[in-house]
Participant: 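Sharing a structure with you now.
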Amino acid sequence: MLDQRLLRDNPDLITSELARRGLTVDLTGLQLVAQQERQLEEQRSNLQAEGNRIGKQVGQLIQAGASPKGPEVQALRDQGNRIKQQVAVLEEEEKGLEQRLRDQLLAFPNLPAAAVPPGSSEADNVEVKRWGSPRQESGLQEHWQIGERLGLWETERSVRIAQSRFITLLGAGARLERALISFMLDQHSARGYTEVLPPILVNSASLTGSGQLPKFAEESFRCADDDLWLTPTAEVPLTSLHRDEVLPAEQLPLRYCAYTPCFRREAGSYGRDTRGLIRLHQFNKVELYWFCHPDHSAAAHEQLTAHAEAILETLALPYRRIELCTADLGFSAARTFDLEVWLPGAGAYREISSCSVCGDFQARRASIRFKQADSKGTQLVHTLNGSGLAVGRTMAALLENGQQSDGSVKLPAALVPYFGGDTIGAG
RNA sequence: GGAGAGGUGGCUGAGUGGUCGAAAGCGAACGACUCGAAAUCGUUUGAAGGGCAACCUUCCGUGGGUUCGAAUCCCACCCUCUCCGCCA
């Protein structure tokens, strides 16, 4: 959520920064609402102050021995009643304006960081670096061909269980998924992240805090009877882990990693990536999340991204880092690096991680602040999140990159202790 | 799901309808003492909004209500704990 003070003090900045994201907004109406709301607040609080004075007078008179029914007290009571009625009217109006203001502010995306390259579509994203040597030979299979051939999962029977875009992993496939989750969590824990296994049903306040609500309700699965939703990413429960908290400054940064299944409707993607593990309604992901001091969030972004990259490197998977341009940034992000893994069968790089710094955007929505022991007041923390990594897509990458001429798949050495072998489909 | 108890500041925990934003303690900060520290003593110490400021308003689970005045009384809801039931 954007800062109301920014709306008041520098609305042109909001307009121009949102324009960088390709968004045209006219804030004049909203500014007017904010201004009216402030005037009402002033009027109301002055009236309340008067009412409070009257209340005290009544109390003092009665304690001094005046009759509670006497004319003097009665006059004050009448005055108090009149004020009460006026306050009620103002208050209702004020609440209405406040609600309008908040609703609209919640619908604005984050402002892009200064460093974000300008652009009008994903075509303007900037490649920052490449790692590894991609296999280029012809005749390589795509991961879904390999998986089906080796019996790593069930496609059609999964439709029977749920519907399309759900997968049932079997045998070595299920085992590899589990191995990857453990491997990733161990790697991150060793770097100081606290492992978290959060609820994957989350309430509306949690989705609002991280930015999925109110605008993207149609992207999530919902349990209509309970004000609970299936989480689309661990970013949601992790943000709310400290929602409405004031953290001691010396505890920062707080760094968490969490494995969760993730659930997304993928509305509007019919016909795309219909085969294999790339685009599913339910997939597994290990997420990295930081709560940090505003001064350190830029450096933290680099570190978090490096931690995601370290997983790819340890798995010997070639990748590239892409910096998203202003037009391609997600709703809550101020700056984002996407990691794309090389899929030699498909002959393309595919997104496997997205690492974002959100500034105070989520912290303001979720009210997550920190306090310096020696100073008054609180400040909003900065939050960062990144996939470390999407597990299904990692499996796809391992299958395509590790495929051998005999049809088997060779796994990287780092996975052997987790998987219990170095080859799938040998013999 | 049924019965009971309870939700108060960073934490513990008092609170009679009227100077209650709230005693006390812990914790924290500063100062004194000390060569230094511990202990002790003193002072300070919640948040949000508005105002240049003095200061004003709001916040005792949430939302309503009664009252001139509500942490305190009434209603509804949410949550936590204990017992029972059910259950991996």
Side-chain angles (χ1 to χ4, degrees), chain A residues 1-9 30-102 105-106 197 199-209 223-229 237 240-252 254 261 291 360 363-381:
Chain A
M1 187 164 63
L2 302 181
D3 193 352
Q4 283 196 34
R5 224 162 292 165
L6 194 61
L7 175 69
R8 187 196 311 153
D9 299 340
L30 198 55
Q31 277 180 271
L32 198 67
V33 171
Q35 205 182 340
Q36 285 173 342
E37 193 262 343
R38 217 149 45 114
Q39 280 170 2
L40 277 174
E41 178 181 341
E42 197 182 325
Q43 279 180 44
R44 191 218 66 224
S45 81
N46 285 341
L47 269 175
Q48 280 177 325
E50 201 181 329
N52 288 343
R53 275 195 297 275
I54 289 169
K56 276 179 189 170
Q57 277 179 45
V58 173
Q60 283 165 355
L61 281 174
I62 291 175
Q63 278 182 344
S67 158
K69 302 272 183 198
E72 199 180 2
V73 170
Q74 192 57 50
L76 284 172
R77 279 188 177 170
D78 292 344
Q79 209 182 336
N81 266 324
R82 277 197 300 278
I83 287 171
K84 187 161 63 168
Q85 281 166 17
Q86 290 171 29
V87 166
V89 172
L90 291 178
E91 221 165 33
E92 196 174 337
E93 209 177 328
E94 193 184 335
K95 265 188 196 169
L97 292 177
E98 233 169 50
Q99 189 61 46
R100 266 174 67 188
L101 195 59
R102 186 174 162 80
L105 283 175
L106 280 175
L197 197 62
I200 54 178
L201 290 185
V202 298
N203 58 35
S204 297
S206 295
L207 280 164
T208 305
C223 309
D225 291 342
D226 298 292
D227 183 37
L228 287 170
W229 309 64
S240 280
L241 187 62
H242 291 296
R243 178 152 48 84
D244 294 321
E245 282 189 42
V246 178
L247 305 162
E250 63 271 17
Q251 276 185 17
L252 300 177
L254 289 167
F291 299 87
D360 62 14
R364 184 173 296 107
R365 291 172 157 252
S367 185
I368 307 167
R369 295 161 293 163
F370 70 94
K371 186 178 174 61
Q372 217 94 39
D374 54 351
S375 70
K376 241 184 138 48
T378 58
Q379 267 188 84
L380 294 167
V381 299

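Model, not experiment: these values are computed from the prediction. Chain naming here is simple, since letters A, B, ... match the order of the sequence lines and numbering starts at 1 in each.
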Participant: May I have the distance from A:Arg5 (atom CZ) to B:G50 (atom C1'), rounded to whole angstrom?
Facilitator: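 Atom-to-atom, A:Arg5 to B:G50, this comes out as 10 Å.
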Participant: How far does the C1' atom of B:G9 sit from the matching atom of B:A14, given to the nearest Å?
Facilitator: 13 Å
Participant: With C1' as the reference atom in both, quote the distance from B:C79 to B:G63 in angstrom, rounded to an integer.
Facilitator: 14 Å
Participant: Could you tell me how far apart A:Ile368 (CD1) and B:A47 (C1') are, to the nearest whole angstrom?
Facilitator: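 It is 16 Å, rounded to the nearest whole Å.
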Participant: Report, as a single string ordered 5' to 3', how protein heavy atoms within less than 4.0 Å touch nucleotides 57-79 of chain B: B base, S sugar-phosphate only, - not at all.
Facilitator: SS-----S--BBS----------
Participant: How many whole angstroms separate atom CG of A:Asp9 from atom C1' of B:G50?
Facilitator: 13 Å
Participant: Mapping A:Arg369 and A:Arg38 onto RNA chain B by nearest heavy atom, which one lands closer to the 5' end?
Facilitator: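 Nearer the 5' end of the strand: A:Arg369.
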Participant: Counting heavy atoms not belonging to A:Arg8, are there more than 12 under 6.0 Å from its CZ?
Facilitator: yes
Participant: Between atom CD in A:Gln251 and atom P in B:C11, what is the gap in whole Å?
Facilitator: 13 Å
Participant: How far, in whole Å, is B:G17 from B:C87 if one measures between their C1' atoms?
Facilitator: 47 Å
Participant: Rounded to the nearest Å, what distance is computed from the CD atom of residue A:Glu98 to the P atom of nucleotide B:G49?
Facilitator: 12 Å
Participant: So that I can tick it off, tell me whether A:Arg364 and A:Asp360 are bridged by a salt bridge, with the cut-off set at under 4.0 angstrom between side-chain N and carboxylate O.
Facilitator: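 A salt bridge links A:Asp360 with A:Arg364.
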Participant: Testing the 3.5 Å rule here: is there a donor-acceptor pair between the side chains of A:Asn46 and A:Glu50?
Facilitator: no
Participant: Distance check, rounded to the nearest 0.5 Å: A:Leu254 atom CG versus A:Ile368 atom CD1?
Facilitator: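 These two atoms lie 10.0 Å from each other.
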Participant: Considering only atom C1', compute the distance from B:C11 to B:G65 and round it to an integer number of Å.
Facilitator: 33 Å
Participant: Mind checking the P distance from B:G31 to B:A38? Whole angstroms is fine.
Facilitator: 13 Å
Participant: Please check if the number of heavy atoms outside A:Gln251 that lie under 6.0 Å from its CD is greater than 12.
Facilitator: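 Correct, the count exceeds 12.
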Participant: Measuring only the P atom in each nucleotide, how far is B:A28 from B:C83? A whole number of Å is fine.
Facilitator: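 The answer is 35 Å between these two P atoms.
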Participant: Between C1' on B:G51 and CD on A:Gln35, what's the gap in Å once rounded to a whole number?
Facilitator: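 Checked: the CD to C1' distance equals 16 Å.
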Participant: Whole angstroms only, please: what is the CG-P distance between A:Leu101 and B:G49?
Facilitator: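 One finds 13 Å between P of B:G49 and CG of A:Leu101, rounded.
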Participant: Using atom P of each nucleotide, how far apart are B:C59 and B:A22 to the nearest Å?
Facilitator: 14 Å
Participant: Need one value for A:Gln79: base, sugar-phosphate or nothing, where a base atom within 4.0 Å counts as base even if backbone is also close, heavy atoms only.
Facilitator: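 If one applies the 4.0 Å heavy-atom cut-off, A:Gln79 turns out to touch nothing in the nucleic acid.
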Participant: When you compare B:G25 with B:U40, how far apart are their P atoms, in angstrom units rounded to a whole number?
Facilitator: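 Going atom to atom, P in each nucleotide, I get 13 Å.
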Participant: For a quick test of reading the model: is some side-chain N or O of A:Lys371 closer than 4.0 Å to OP1 or OP2 of B:A47?
Facilitator: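 Answer yes for this pair, as a side-chain N or O of A:Lys371 is under 4.0 Å from OP1 or OP2.
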Participant: Is the backbone N or O of A:Thr208 less than 3.5 Å from a side-chain atom of A:Arg365, with the two atoms forming a donor-acceptor pair by type?
Facilitator: yes
Participant: Measuring from atom CZ of A:Arg5 to atom CG of A:Leu7, what distance do you get when rounded to the nearest 0.5 angstrom?
Facilitator: 12.0 Å
Participant: side-chain contact (heavy atoms from CB on, under 4.5 Å) for A:Glu245 and A:Arg369? Distances and angles first, verdict last.
Facilitator: CA-CA 6 Å; A:Glu245 282 189 42; A:Arg369 295 161 293 163; over 6 Å; no
Participant: Calculate the interatomic distance between A:Leu380 atom CG and B:A47 atom P; express it in whole Å.
Facilitator: 14 Å
